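Remember, it's a predicted structure, so these values are computed and weren't measured experimentally. We count residues from 1, following the sequence as given.
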Amino acid sequence: MGLKAISDGKLAVLLLSGGQGTRLGSSDPKGCFNIGLPSGKSLFQLQAERILCVQRLAAQAKNEGAGSVQIHWYIMTSPFTDDATRKFFESHRYFGLEADQVTFFQQGTIPCISKDGRFVMETPFRIAKAPDGNGGVYSALKGSRLLEDMATRGIKYVDCYGVDNALVRVADPTFLGYFIDKGVAAAAKVVRKAYPQEKVGVFVRRGKGGPLTVVEYSELDPSLASAINQQTGRLRFCWSNVCLHMFTLDFLNQVTNGLERDSIYHLAEKKIPSAHGYSMGLKLEQFIFDAFPYAPSTALFEVLRDEEFAPVKNANGSNFDTPDSARLLVLRLHSRWVVAAGGFLTHSVPLYATGVEVSPLCSYAGENLEPICRGRTFHAPCEISF
Ligand code: UTP
């Protein structure tokens, strides 16, 4: 069902890529980051090639030639990432995509404030500003009239995701098929929370039968965070939000039209460039998931963390969610795919620290690898490509 909708041109993907990535500490947009895979591919390239792979799978499912299916890619940037992102795509020839299937648009900014409520000054004459959060996507879509653009193209469903997940399944046909089958307006992929104190937001229903919404870890009482559901034996609040959402275009229109009435800002304590160097201050951010309570119908779709979630948040040397940890998650998953497809691995460094990488141009989620892998031996680390 998902592949059919894709081959009918009903799916667009929307990348949230306006964040400043202060924790990663790179001056380039996060999507340009090379996490050290054998191929040296950036996060943008991995995502672009997954789109190319889904286009091919959708064309095959329809018995048509590659090139007959095109998925439009909307990329939200901010004044901090826009120029560098566009140049990166141009200099890499859109990673094999057609230039006109990619549309860049910018989100807005909002002044930063100090903890005592004053504006932070970036220079003696200029207020420091930051992007208005990934929920700024709604007003940015409205301002750039891109929902009309989507309607003109015949798009019905929009897959929205964050840039900083090395395992993200962009344009996932399975998720889309589930979404269409359920007939809901908004859905999110979730992974099981790893441990009670993990710093992730969780999906909850507020009140019995109330709307589905996300509660940030900082807002969840520690006793509730570790509460157990007696029926399932799992954490009571176990569905972690990993910024993978599917919306109908109708719902996006509804949200963007109701914006002025319902805008909520969250306070995020982050490093802010100021006239006196970096200082800790507060950014005002809207979150994409704040729209969920307004959806007439919603669904969650559980996916396996090991297969779909490799966050790149912090610089190497930090304890978690680093480029190094994300690279290992990719290599481990892909090594399992290769072995399952009948391949063999050799390695001169311990296998827990290495593995093979499968090019997204060969396989989206481990499929179609037998002809390439069966009976062959690969020396890790390496990239397996056509
Ligand atoms: P994060 O909340 O991790 O923020 O973004 P960040 O800016 O990337 O990193 P830090 O917190 O400064 O270290 C989650 C996703 O939302 C996007 C990011 O690009 C990432 O894909 N995002 C975040 C935006 O598109 N706009 C924003 O204003 C903030």
Side-chain angles (χ1 to χ4, degrees), residues 15-17 19 21 23-26 30-51 53-54 161-172 174-175 188-195 197-201 238-244 301-341 343 345 347 349-367 369 373 378-385:
L15 167 60
L16 306 164
S17 184
R23 286 170 287 172
L24 188 60
S26 162
K30 253 192 206 174
C32 306
F33 205 84
N34 162 3
I35 61 170
L37 286 167
S39 66
K41 286 175 189 169
S42 62
L43 293 171
F44 283 142
Q45 182 165 1
L46 294 173
Q47 293 163 25
E49 291 186 356
R50 285 176 195 148
I51 292 175
C53 190
V54 175
Y161 67 99
V163 69
D164 46 11
N165 174 0
L167 282 174
V168 62
R169 290 196 183 168
V170 190
D172 182 0
T174 312
F175 186 29
K189 279 188 179 179
V190 290
V191 300
R192 194 86 59 84
K193 196 174 178 186
Y195 49 93
Q197 289 74 35
E198 193 188 8
K199 292 188 170 179
V200 288
C238 64
W239 303 125
S240 302
N241 170 40
V242 284
C243 199
L244 299 168
F301 186 65
E302 182 187 356
V303 296
L304 294 177
R305 179 183 284 261
D306 288 353
E307 295 189 349
E308 302 202 27
F309 189 49
V312 183
K313 296 282 181 192
N314 303 305
N316 280 333
S318 309
N319 291 337
F320 53 89
D321 298 349
T322 61
D324 280 355
S325 63
R327 180 181 65 251
L328 279 179
L329 285 165
V330 174
L331 293 177
R332 279 182 199 148
L333 175 67
H334 290 192
S335 297
R336 290 201 297 276
W337 289 352
V338 169
V339 171
L345 301 185
H347 45 95
V349 278
L351 195 57
Y352 65 79
T354 188
V356 290
E357 174 191 358
V358 174
S359 164
L361 297 173
C362 296
S363 182
Y364 181 73
E367 80 291 342
L369 284 175
C373 297
F378 302 94
H379 187 75
C382 69
E383 185 200 22
I384 298 175
S385 195

Subject >> Atom pair OH/CZ of Tyr364 and Arg169 - distance to nearest 0.5 Å >> reply: 6.5 Å

Subject >> Cys243 and Leu16, any side-chain heavy atoms less than 4.5 Å apart >> reply: yes

**OP:** With rounding to the nearest 0.5 Å, note down the distance linking OG in Ser325 to CD1 in Ile35.
**Re:** 8.5 Å

Original post:
For Ser39, which residues count as a side chain to side chain donor-acceptor pair (under 3.5 Å) partner, sequence neighbours excluded?
Top reply: Glu357

Subject >> Main-chain N/O of Gln45 paired to Gln47 side chain as donor or acceptor, under 3.5 Å >> reply: no

Subject >> Set of residues satisfying side chain to side chain contact (heavy atoms under 4.5 Å, CB included) with respect to Ala188, sequence neighbours excluded >> reply: Phe203, His245, Phe292, Leu300

Original post:
Who passes salt bridge (charged side-chain N to carboxylate O under 4.0 Å, His left out) against Asp306, sequence neighbours left out?
Top reply: none

**OP:** Output every pair passing salt bridge (charged side-chain N to carboxylate O under 4.0 Å, His left out) with a member in residues 31-41, not counting sequence neighbours, ordered by first then second residue.
**Re:** Lys41-Glu49, Lys41-Glu383

Subject >> Heavy-atom closest contact (Ala310 atom, Ala326 atom, distance) >> reply: O-CB, 3.7 Å

**OP:** Not counting sequence neighbours, which residues clear side chain to side chain donor-acceptor pair (under 3.5 Å) with Glu198? List them please.
**Re:** Arg305

Subject >> Flag side-chain contact, heavy atom, 4.5 Å: Ser240 against Val191 >> reply: yes

Original post:
What heavy-atom pair brings Cys53 and Pro360 nearest, and what distance separates the two atoms?
Top reply: CB-O, 3.1 Å

Original post:
Minimum heavy-atom separation for Ser363 to Val358, with atom names?
Top reply: CB-CG1, 4.0 Å

Original post:
Looking at Asp321, Val312, Asn314, which one forms a side chain to side chain contact (heavy atoms under 4.5 Å, CB included) with Arg23?
Top reply: Asn314

Subject >> Non-neighbouring partners of Ser335 that pass side chain to side chain donor-acceptor pair (under 3.5 Å), sequence neighbours left out >> reply: none

Original post:
Of all heavy-atom pairs between Ala166 and Val330, which one has the smallest distance, and what is that distance?
Top reply: CB-CG2, 3.9 Å

Subject >> Residues which pass salt bridge (charged side-chain N to carboxylate O under 4.0 Å, His left out) with Asp172, listed by chain and number, not counting sequence neighbours >> reply: Lys189

Original post:
Are side-chain heavy atoms of Val200 and Asn241 found at a separation under 4.5 Å?
Top reply: no

Original post:
Roughly how far, to the nearest 0.5 Å, is the CG atom of Leu304 from the CG atom of Leu167?
Top reply: 11.5 Å

Original post:
For Arg336, what residues pass the side chain to side chain donor-acceptor pair (under 3.5 Å) criterion, not counting sequence neighbours?
Top reply: none

Subject >> Nearest-0.5 Å distance that lies between atom CZ in Arg327 and atom OG1 in Thr354 >> reply: 8.5 Å

Original post:
Is a side-chain N or O of Tyr161 found less than 3.5 angstrom from the main chain of Val170, in a donor-acceptor match?
Top reply: no

Subject >> Audit row: Ile384, Val338, side chain to side chain contact (heavy atoms under 4.5 Å, CB included) steps and yes/no >> reply: CA-CA 9 Å; Ile384 298 175; Val338 169; 3.6 Å; yes

Original post:
Heavy atoms, side chains only, cut-off 4.5 Å: are Leu15 and Phe44 in contact?
Top reply: yes

**OP:** Name all pairs fulfilling the ring pair (Phe, Tyr, Trp, His ring centres under 6.0 Å) condition that reach into residues 309-336, sequence neighbours left out, sorted by first residue then second.
**Re:** His334-Trp337

Original post:
Taking C-beta and beyond as the side chain, do Leu345 and Val356 meet within less than 4.5 Å on heavy atoms?
Top reply: yes

Original post:
If you round to the nearest 0.5 Å, how far is CD of Glu307 from CG of Leu333?
Top reply: 6.0 Å

Original post:
Residues two or more places apart in sequence or in another chain: which of them pass ring pair (Phe, Tyr, Trp, His ring centres under 6.0 Å) with Phe33?
Top reply: none

**OP:** Name all residues meeting the salt bridge (charged side-chain N to carboxylate O under 4.0 Å, His left out) criterion together with Glu302; count only those two or more places apart in sequence or in a different chain, and write none if there are none.
**Re:** Arg192

Original post:
Roughly how far apart are Tyr352 OH and Leu331 CG, rounded to 0.5 Å?
Top reply: 14.5 Å

**OP:** Could I get the full list of side chain to side chain contact (heavy atoms under 4.5 Å, CB included) partners for Asn316, not counting sequence neighbours?
**Re:** Thr322, Pro323, Asp324

Original post:
Within the distance-only criterion (no hydrogens, no angle test), does the side chain of Arg50 pair as donor or acceptor with the backbone N or O of Val168 below 3.5 angstrom?
Top reply: yes

Original post:
With no hydrogens and no angle check, is any side-chain donor or acceptor of Asp164 less than 3.5 Å from a backbone partner on Lys30?
Top reply: no

